[in-house]
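Encoded as structure tokens, the structure appears first; notes follow it.
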Amino acid sequence: MQLGGLTLGRGICIITGASKGFGWALAHEVYHLLEPGSVLLLVARSGTLLQELKEELQSFTDKQRLVVHCIAANLSTTEGVNETVRVAGQEAVNEIDNVLLINNVGSLGPISGFQSFTDLERVNSYLSLNISSPLTLTAGILQTFPRRPGLRWSVVNVSSIYALQALPSWALYCTAKAARKMMFSVLAEEEPNVKVLSYSPGPLDTDMQEEIRRLTGISHCLFPCKESAAKLMKLLLDNDFSSGAHLDFFEV
Ligand SMILES: NC(=O)c1ccc[n+]([C@@H]2O[C@H](COP(=O)([O-])OP(=O)(O)OC[C@H]3O[C@@H](n4cnc5c(N)ncnc54)[C@H](OP(=O)(O)O)[C@@H]3O)[C@@H](O)[C@H]2O)c1
């Protein structure tokens, strides 16, 4: 599938959290938009789910010339981040005209009152996966693929409305999403040759929403991941947003 005839060219795309949910839907969208010779790196902890996704993607016979690598890595660890950068680095020798990094991994964490967050290690562990990990991964991938004329470089931060809105009992989630928004705004200021987008995907029918229902009893009106992933692809292909922008599913 191509959106309006546009494609992502011959590129390398790295999607974190690709084993399920929004990342899984993004992998499908991206796969069909990449041209032969491209490379797709799928990252998550579950190697089995990634392998299933890879086989499903490669069953689309017209696309067999795409290389898909599964990286079973825990991105809350140094080893997991380093392994992802290392595998990406192996592809840096190939002729490509597009680098796309989608920082999709995010976790809900505990939903509980402010006073409950007394355990520094527990808080640090949450912030490590949700803030430090996308920072260090993006830095590593930036080092691996230096900017050069003719190379389109894009970074997506999968964000949330809660990067902008405070919600009682959601201190960790809101804090991490707000910090990520600022972090990627800084990148946009610093790197004029990298197009940066924070995208809030809307309420999606995923395991995360199931966890929200279980923890809070609240059910939202949910949208299919595919619909939101297609909107994100259209934004990237049209490429007429300002670098560093924070855009929401409901506004685009
Ligand atoms: N769902 C929504 O309604 C919603 C709304 C707004 C924003 N978002 C954001 O959208 C993104 C995706 O959410 P989702 O609903 O698709 O979540 P999800 O269903 O919980 O999926 C999360 C993905 O991240 C991976 N992951 C989790 N911890 C990891 C770790 N330590 N190392 C590597 N991979 C890890 C999971 O795979 P493994 O378990 O195999 O590692 C999975 O592929 C998140 O950033 C979320 O905050 C979601």
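None of the values given here were measured: they were computed from a predicted structure. Counting starts at 1 for both ligands and their atoms, following the listed order. Throughout, residue positions are numbered sequentially from 1 according to the sequence presented.
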Backbone or side chain, does any N or O of [X] fall under 3.5 Å from an N or O of ligand 1?
X      : result
Ser160 : no
Leu75  : yes
Leu204 : yes
Arg180 : no

How does [X] reach ligand 1, by side chain, by backbone, by both or by neither, if only non-hydrogen atoms under 4.0 Å count?
X      : value
Ser159 : backbone
Lys177 : side chain
Leu108 : neither
Trp24  : neither

task = Can you sort out which atoms of ligand 1 are near Ser19, meaning under 4.0 Å from one of its heavy atoms?
result =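 Near Ser19, the atoms of ligand 1 are 36 (C), 37 (O), 38 (P), 40 (O), 42 (C), 43 (O).
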Proximal atoms of ligand 1 relative to Gly106 (non-hydrogen, under 4.0 Å) |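 Counting from 1, the qualifying ligand atoms are 44 (C), 45 (O).
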Subject >> Nearest-contact summary for atom 4 (C) of ligand 1 - protein heavy atom, Å >> reply: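 For this ligand atom, the closest protein heavy atom is Gly202 O, 3.9 Å.
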- What protein heavy atom sits nearest atom 28 (N) of ligand 1, and how far off is it?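 Result: Arg45 NH2, 3.3 Å.
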Worksheet entry | Option of least heavy-atom distance to atom 23 (C) of ligand 1 (set: Ser76, Ala163, Ser128, Gly17) |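 Heavy atom nearest to atom 23 (C) of ligand 1 belongs to Gly17.
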| field | Ring-face cation of Lys195 near Phe241 (centre distance under 6.0 Å, axis angle within 45°) | value |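 Yes, Lys195 and Phe241 form such a contact.
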Note to self: In terms of relative ring orientation, are Phe60 and Tyr31 parallel, tilted or perpendicular, with 30° and 60° separating the classes?
What the structure shows: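 Tilted.
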So Tyr173 and Tyr162, would you call those rings parallel, tilted or perpendicular, with 30° and 60° as cut-offs?
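Ring orientation, 0 to 90° scale: perpendicular.
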